[in-house]
Undergrad: 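Pasting in a structure now, in structure tokens, and then I'll have a few things to ask.
Every value quoted in this text rests on a predicted model; they were computed, and no experiment measured them.
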Amino acid sequence: MTTSTAQPSPRPLALVTGVGRSVGIGAGIARRLAASGWDIAFTYWAPYDERMSWGVESGAASAITESLKEHGATTIVVEADLSDPDAPARVFDEVGRGPGGVTALVMCHCESVDSGLLDTTVESFDRHFAVNARATWLLIREYGRRFAAAPGSGRIIALTSDHTVHNLPYGASKGALDRITLAAAHEFAPLGITANVINPGPVDTGWMTEEVRAQVLRQTPLSRLGTPQDAAHLVDFLCSPEGQWINGQLLMSNGGFA
């Protein structure tokens, strides 16, 4: 399903993946960028939310779209199964428009199902790497192939995690995501594109139990939980002209969580 609103504008276009819930990090980033003058294309995949404990948020894509329009953003919405190796090219086919195309690629999509060394299945392991690592590579590849914005304006940002204990396929595939993304800082240097990875630490988007919340608070010097807005502010800065000199970095933005 693809929907769009309004007509193309001079605002630069950011493609944000993994924007399935209005309380998620992806939605927070999309809203922050829209408020800063970006048009927004975003992807989501409802069957993933159906498999998770929080379930599908009815009407989320429409609600997020309306919140972006309040900031003057043109929006493009694409439902995409990023475990399909053909999906990244189709996403770019659907969101590409105007002479500049996508200026910023912000990847918040993920497969995240808890399991450890002994109980992870081959199917789950492969799905995590397909979504978190392979799709990241293919999205970055399509972005680089099609990049036509002004040199120095391009941005690639990926959201990662270093959690592996009892979360093996998620953490391992996110580690691969880190290396894939940071390679772009060097390989795409002739295009004037920066590439960075953000580790936001534990962010309460509705998945935390009271026990997890208490543990995170004990391990965070600032004694509060991370929010989608925390990650969004950093992404906003990296996408700004002032953020151009930060490149090839894995940035910890987690309040000192340890």
Undergrad: Do any N or O atoms from the side chain of Y143 and from the backbone of T103 form a donor-acceptor pair under 3.5 angstrom?
TA: yes
Undergrad: Quick check: do E79 and P47 have side-chain heavy atoms less than 4.5 Å from each other?
TA: yes
Undergrad: Any idea which heavy atoms bring A184 and I140 closest together, and the distance?
TA: CB-CG2, 4.1 Å
Undergrad: Residues two or more places apart in sequence or in another chain: which of them pass salt bridge (Lys or Arg N to Asp or Glu O under 4.0 Å) with R90?
TA: D84
Undergrad: Return yes if some donor-acceptor pair links the side-chain N/O of T164 with the main-chain N/O of N167 below 3.5 Å, else return no.
TA: no
Undergrad: Can you sort out the partners of D93 under salt bridge (Lys or Arg N to Asp or Glu O under 4.0 Å), two or more places apart, ordered by chain and number?
TA: R146
Undergrad: Would you indicate whether Q219, at its atom CD, is surrounded by more than 12 heavy atoms from other residues, nucleotides or ligands within a distance under 6.0 Å?
TA: yes
Undergrad: Show me the donor-acceptor pairs within less than 3.5 Å that the side chains of residues 57-64 make with the rest of the protein, sequence neighbours left out.
TA:
residue: E57; atom: OE1; partner: S22; partner atom: N; Å: 2.8
residue: E57; atom: OE1; partner: S22; partner atom: OG; Å: 3.3
residue: E57; atom: OE2; partner: S22; partner atom: OG; Å: 2.6

Undergrad: Report yes if some heavy atom in the side chain of N199 is under 4.5 Å from a heavy atom in the side chain of S253; otherwise report no.
TA: no
Undergrad: Same cluster or not: V23 versus V106, using hydrophobic residues (I, L, V, M, F, W, Y) connected whenever any side-chain heavy atoms lie under 4.5 Å apart?
TA: no
Undergrad: Contact between V235 and L238 at the side-chain level, heavy atoms closer than 4.5 Å - yes or no?
TA: no
Undergrad: Does R11 reach the main-chain N or O of I40 with its side chain, forming a donor-acceptor pair under 3.5 Å?
TA: no
Undergrad: Quick one: which of I29, T65, V91 gives a side chain to side chain contact (heavy atoms under 4.5 Å, CB included) with F42?
TA: T65
Undergrad: Please list all pairs meeting ring-ring contact (aromatic ring centres under 6.0 Å, His included) that have one or both residues in residues 45-69, counting only residues at least two apart or in different chains.
TA: none
Undergrad: If the threshold is 4.0 Å, N to carboxylate O, is there a salt bridge linking E187 and R141?
TA: no
Undergrad: For the residue pair S115 and T120, what are the closest heavy atoms and their distance?
TA: OG-OG1, 2.7 Å
Undergrad: Given the rule that I, L, V, M, F, W and Y join up when any side-chain heavy atoms are under 4.5 Å apart, are L82 and W137 in one cluster?
TA: yes
Undergrad: Keeping to residues at least two apart or across chains, list the ring-ring contact (aromatic ring centres under 6.0 Å, His included) pairs with something in residues 148-194.
TA: none
Undergrad: Just verifying a value: how many Å separate D178 CG and T160 OG1, rounded to the nearest 0.5 Å?
TA: 3.5 Å
Undergrad: Salt bridge (Lys or Arg N to Asp or Glu O under 4.0 Å) with D204: which residues, sequence neighbours excluded?
TA: R213
Undergrad: Is it the case that the side chain of D49 and the backbone of A46 share a donor-acceptor pair, with hydrogens and angles ignored and the cut-off at 3.5 Å?
TA: no
Undergrad: Rounded to the nearest 0.5 Å, what separates atom CG in L168 from atom OG in S124?
TA: 9.0 Å
Undergrad: Do side-chain atoms of R155 reach the backbone of I193 as a donor and acceptor pair under 3.5 angstrom?
TA: no
Undergrad: Just by modelled atom types, is the A149 backbone N or O under 3.5 Å from a matching donor or acceptor in the S153 side chain?
TA: no
Undergrad: Taking only residues two or more places apart in sequence or in another chain, which ones pass salt bridge (Lys or Arg N to Asp or Glu O under 4.0 Å) with E123?
TA: R127
Undergrad: Is there a path of hydrophobic side-chain contacts, each under 4.5 Å between heavy atoms of I/L/V/M/F/W/Y residues, joining L222 to V216?
TA: no
Undergrad: Not counting sequence neighbours, which residues clear side-chain hydrogen bond (donor to acceptor under 3.5 Å, both in side chains) with T43? List them please.
TA: none
Undergrad: Using a 4.5 Å cut-off on heavy atoms from C-beta on, say whether the side chain of P200 contacts that of I25.
TA: yes
Undergrad: Side chains of T194 and N247 only: does a donor on one sit below 3.5 Å from an acceptor on the other?
TA: no
Undergrad: Just to verify, what does D230 make a side-chain contact (heavy atoms from CB on, under 4.5 Å) with, not counting sequence neighbours?
TA: R224, T227
Undergrad: Mind jotting down which residue pairs meet the salt bridge (Lys or Arg N to Asp or Glu O under 4.0 Å) criterion with at least one end in residues 17-34? Sequence neighbours excluded, please.
TA: R32-D236
Undergrad: Decide yes or no for I157 and L105: does some side-chain heavy atom of the first lie under 4.5 Å from some side-chain heavy atom of the second?
TA: no
Undergrad: Please check if the side chain of D39 supplies one atom and the backbone of T74 the other of a donor-acceptor pair under 3.5 Å.
TA: yes
Undergrad: Is there a path of hydrophobic side-chain contacts, each under 4.5 Å between heavy atoms of I, L, V, M, F, W or Y residues, that connects V131 with L159?
TA: no
Undergrad: Could you list who else is in M252's hydrophobic cluster, with ILVMFWY side chains joined at under 4.5 Å, directly or through other members?
TA: L177, L182, V197, L250
Undergrad: Where the side chain of H128 meets the backbone of V113, is there a donor-acceptor pair that is under 3.5 Å apart?
TA: yes
Undergrad: Are the side chain of K174 and the backbone N or O of A133 linked by a donor-acceptor pair below 3.5 Å?
TA: no
Undergrad: Minimum heavy-atom separation for S173 and N132, please, with both atom names.
TA: OG-ND2, 2.9 Å
Undergrad: For the pair N196 (side chain) and I246 (backbone), establish whether a donor and an acceptor sit closer than 3.5 Å, ignoring hydrogens and angles.
TA: yes
Undergrad: Listed by chain and number, what are the ring pair (Phe, Tyr, Trp, His ring centres under 6.0 Å) partners of F125, not counting sequence neighbours?
TA: F129
